[in-house]
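Structure first, then comments.
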Amino acid sequence: PKLLKLVLQLGNALNAGSAKGGAQGFKISNLMKLAQTKTNHGTTLLAYLVSSMEKSNPDMLQLEHEFPSTKESARKSGNQMTTDFKKLERGVALVENVIKSGLAQGDSSFKKLEPFRDDSKAKLGRLTAR
């Protein structure tokens, strides 16, 4: 998304000449620094960024278009997301058990579920790593 690219460019400009100046990406958690870091004029980097975008590219402030799922995710609480994640874990475990049970009974058709299981486990692992 354009907004995140702009944030990366801003970070690289501020860190020019240092080891961090040529970054290819950043951690999402670092976005909080935009609201905490002050400019020489006393405003935050976030306020500066928004002001610059309002002047040069106001369409970039239409975040619901760049991040269509943010509206829904903003309504979910951390507890709800944890609950949903646990449901996903249980679902993957259930698929694993169904495959094992079917194969144990000699039904090789359950092998067709293995790619789905493997893909689901990999995606769940990536979510867990975050």
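Of all non-hydrogen atoms in Arg117 and Ile99, the two that sit nearest each other are CB-CD1, 3.8 Å. The heavy-atom pair separating Leu8 from Gln24 by the smallest distance is CD2-O, 3.6 Å. The minimum heavy-atom distance between Phe26 and Leu4, with the atom names listed, is CE2-O, 3.6 Å. What you find for Lys38 and Gly42 is that their closest heavy atoms are CD-O, 3.4 Å. Nearest heavy atom pair, residue Val92 against residue Ser120, reads CG2-CB, 3.9 Å.
The backbone N or O of Asn15 sits less than 3.5 Å from a side-chain atom of Ser18, completing a donor-acceptor pair. Counting only distance, with no hydrogens or angles, the side chain of Asp107 and the backbone of Gly102 share no donor-acceptor pair below 3.5 Å.
Within the 4.5 Å cutoff, side-chain heavy atoms of Glu114 are placed close to those of Leu103. Looking at Thr37 and Leu14, their side chains never come closer than 4.5 Å, going by heavy atoms from C-beta outward. Between Lys86 and Thr82 there is a side-chain heavy-atom pair separated by less than 4.5 Å. Proximity of Glu89 to Leu124: side-chain heavy atoms (C-beta onward) are separated by under 4.5 Å at one or more points. Within the 4.5 Å cutoff, the side chain of Thr39 has no heavy atoms near those of the Thr44 side chain.
Note: Lys5 NZ to Leu10 CG = 14.5 Å, rounded to the nearest 0.5 Å. Note that NZ of Lys33 and NZ of Lys27 are 8.5 Å apart. Values are rounded to the nearest 0.5 Å.
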Residues 46-56 side chain polar contacts: donor-acceptor under 3.5 Å, at least two apart:
{"from": "Ser52", "atom 1": "OG", "to": "Tyr48", "atom 2": "O", "distance (Å)": "3.0"}
{"from": "Ser56", "atom 1": "OG", "to": "Ser52", "atom 2": "O", "distance (Å)": "2.9"}

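In the hydrophobic cluster analysis, where Ile, Leu, Val, Met, Phe, Trp and Tyr join through side-chain heavy atoms closer than 4.5 angstrom, Phe85 is grouped apart from Leu94. Taking hydrophobic clusters as Ile, Leu, Val, Met, Phe, Trp and Tyr residues chained together by side-chain heavy-atom distances below 4.5 Å, Met32 does not share a cluster with Leu45. Hydrophobic clustering (ILVMFWY, side-chain heavy atoms < 4.5 Å, transitive): Phe110 and Val95 are in one cluster.
Residue Phe116 qualifies as open at atom CZ: its count of foreign heavy atoms under 6.0 Å is 12 or below.
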